[in-house]
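Scroll down for the structure; my scribbles are underneath it.
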Amino acid sequence: MSFFRIKEALAGKPAIGSEITIKGWVRTRRDSKAGFSFINVHDGSCFDPIQVVAPGELANYASEVQKLTAGCAIECTGTLVESAGRGQKFEIQASTVGVIGWVDDPETYPIQPKRHTFEFLREVAHLRPRTNTFGAITRVRHVAAQAIHRFFHERGYYWINTPIITASDAEGAGDMFRVSTLDLTNLPRTESGAIDFGQDFFGRETFLTVSGQLNVEGYCLALTNVYTFGPTFRAENSNTSRHLAEFWMVEPEIAFADLDDLADVAEDFLKYIFSAVLEECPDDMAFFEKQIEPEAITRLTTLIDTPFVRLDYEEAIEILKKADVKFEYPAEWGLDLQTEHERYLTEKHFNAPVVVMNYPTEIKAFYMRLSDDERTVAALDVLAPGIGEIIGGSQREERLDVIERRMDELGLDKEHYNWYLDLRRYGTVPHAGFGLGFERLVNYITGMTNIRDVIPYPRVPGKADF
RNA sequence: UCCCCAGUAGCUCAGCUGGUUAGAGCGGGUGACUGUUAAUCACUAGGUCCGCGGUUCGAGUCCGUGCUGGGGAGCCA
């Protein structure tokens with residue numbers, strides 16, 4: 001007897017006729033007229049469950065096997081045989097079926113062998129990984145994450161674990177979660193009556209990071225090619241299908257690179273990940289295509305084969321002005337692109353991923369590199385059909401005098417960013433980087449429409465269950 | 001935060017212009033059945049119609065309000 005994951009058994013790794021053991025959870029049980037039962041068992045190793053044929057002669061057939069319901073954990077030993085029925089290549093002719101864990105109350109077990117709404121499954125986030133859909137999402141998410149690390153590793157990028165707790169409010173990229181060990185019911189005060197953060201754990205105000213970019217730039221200007229991949233936190237009151245308060249972000253930072261180099265990397269990067277998922281998760285992707293999004297596979301293959309459209313913000317505005325569509329908000333040079341504008345560009349006008357480059361200086365962050373005429377900065381957004389902005393990045397301002405001037409204009413405290421400015425004082429070089437929302441990527445790959453369904457336990461305003 | 005929509009059995013839903021005892025499918029239980037594929041068939045149990053207040057002889061149904069969920073917008077990844 002030897003143990004196998006269901007994926008191995010279904011792939012025929014153990015020889016036909018050999019005795020194997022599998023362990024997993026019951027998805028369905030069907031009793032045959034002939035006095036035996038079919039049990040579909042899954043263990044998360046692959047999309048398909050394995051069919052166990054439990055003969056009526058089993059000692060515990062009436063007492064246990066016939067009482068199995070969805071969700072029971074079992075251990076089956078038997079012979080791997082070619083299936084006598086249709087629908088699967090292999091099955092297990094069981095010699096023993098042992099129950100490891102019963103479902104206490106089958107009637108209230110939330111995961112039934114039927115279609116559930118995603119809204120309902122969010123309320124049972126601890127059990128939803130047992131469903132087809134969430135098993136598939138989990139495997140795709142994993143493969144995409146592995147592909148990201150592999151992409152960078154193969155190209156000589158180092159993974160930098162930037163801090164999660166930070167004292168800098170980064171680029172002012174939104175509201176931050178405060179980190180404190182102060183007693184909220186009895187806050188220490190300074191003489192002026194302000195909260196005395198000097199007595200807090202770190203001796204100053206601290207927050208959860210909204211981006212690892214500033215920190216990773218230091219490693220970029222030492223190791224040349226680096227990236228972060230970790231949790232990111234935004235305390236914004238965003239209630240949409242594409243925002244989370246806690247999400248995972250990938251941020252490569254590339255030395256000796258300009259905006260065009262960055263766009264090249266962004267395009268290669270996305271294509272690499274999509275290819276990896278298509279190759280490593282064919283069954284899961286087939287499921288998404290069949291049940292979730294009919295275009296799930298074709299839009300990925302198309303995207304892999306099609307060069308991304310690249311255009312300047314200025315050109316994008318021209319296109320939007322000429323569009324015979326009535327927008328709720330005007331498209332005007334100097335205004336940021338609205339969601340409806342982005343959708344038009346990527347879904348209607350080009351029907352392809354679009355890289356919009358060189359935005360007006362006024363609407364972008366201080367660290368983005370100023371153009372010679374100072375009207376624009378070297379920023380880019382990658383827009384994908386059906387998902388909107390998936391990547392945002394820029395060439396960084398590497399010139400000390402220019403970045404200091406911009407910080408002054410924006411009223412930022414240079415003392416606060418002194419270490420960041422050091423990077424411009426000591427051996428500065430042109431460099432560029434982008435941020436990719438990992439969940440948005442998984443959303444796009446799977447065709448899932450709500451970002452809360454592609455992260456195991458979503459955190460959103462008003463909700464931190466599980 | 002703003003604008004729309006929704007909340008009925010464990011789940012997915014039906015329930016007409018207000019009118020007897022609120023229904024179905026799936027799931028659960030019991031039983032039947034020569035290999036089933038979310039098996040099939042019969043029987044059966046199961047309800048704070050989201051909460052509160054109001055209109056009415058009478059409210060699942062109409063009105064107000066609160067809560068929860070969803071879609072869209074803003075902010076962004």
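Only heavy atoms go into these numbers, but all of them, side chains included; no hydrogens, no water, no symmetry mates. Below, chain A is the first sequence line, B the second, and so on; all start at residue 1.
- Remark: A:Ile137 CD1 to A:Asp284 CG distance equals 10.0 Å, nearest 0.5 Å.
- Checking the phosphate oxygens (OP1, OP2) of B:U37, no side-chain nitrogen or oxygen of A:Thr28 falls inside 4.0 Å.
- Between B:U36 and A:Arg30, no contact under 4.0 Å exists linking OP1 or OP2 to a side-chain N or O.
- Panel note: side chain A:Gln51, backbone A:Phe38; no donor-acceptor pair is recorded below 3.5 Å.
- Considering only side-chain N and O atoms, A:Gln51 lies nowhere under 4.0 angstrom from the phosphate OP1 or OP2 of B:U37.
- Shown here, B:U55 forms no base pair; nothing in the strands shown gives a Watson-Crick or G-U wobble contact with both key distances under 3.5 Å.
- Here A:Phe247 counts as stacked on B:A77: its ring centre is under 5.5 angstrom from the base ring centre and the planes meet at under 30°.
- Shown here, B:A6 forms a base pair with B:U68; the pair counts as Watson-Crick or G-U wobble because both key distances fall under 3.5 Å.
- Heavy-atom distances to RNA chain B give each of A:Asn239 and A:Glu91 a nearest nucleotide, and the one nearer the 5′ end belongs to A:Asn239.
- The nearest whole Å value for the distance from the NE2 atom in A:His243 to the P atom in B:G74 is 9 Å.
- Phosphate proximity of B:G70 to A:Arg452: present, with a side-chain N or O under 4.0 Å from OP1 or OP2.
- Proximity of A:Arg29 to the phosphate of B:A38: no side-chain N or O atom is located under 4.0 Å from OP1 or OP2.
- Taking only side-chain nitrogens and oxygens, A:Thr240 never comes nearer than 4.0 Å to OP1 or OP2 of B:A73.
- When both pairing distances are held under 3.5 Å, B:U44 makes a Watson-Crick or G-U pair with B:G28.
- Look at A:Lys67 and you won't find any side-chain N or O under 4.0 angstrom from OP1 or OP2 of B:G28.
- Remark: A:His126 engages A:Val124, A:Tyr457, A:Phe466 in a side chain to side chain contact (heavy atoms under 4.5 Å, CB included) (not counting sequence neighbours).
- The side chain of A:Ser32 places an N or O atom within less than 4.0 Å of a non-bridging phosphate oxygen (OP1 or OP2) of B:G35.
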For nucleotides 5-13 of chain B, read 5' to 3', which letter fits each nucleotide if B means a protein heavy atom sits under 4.0 Å from the base, S means only the sugar-phosphate is that close, and - means neither?
-----BBS-
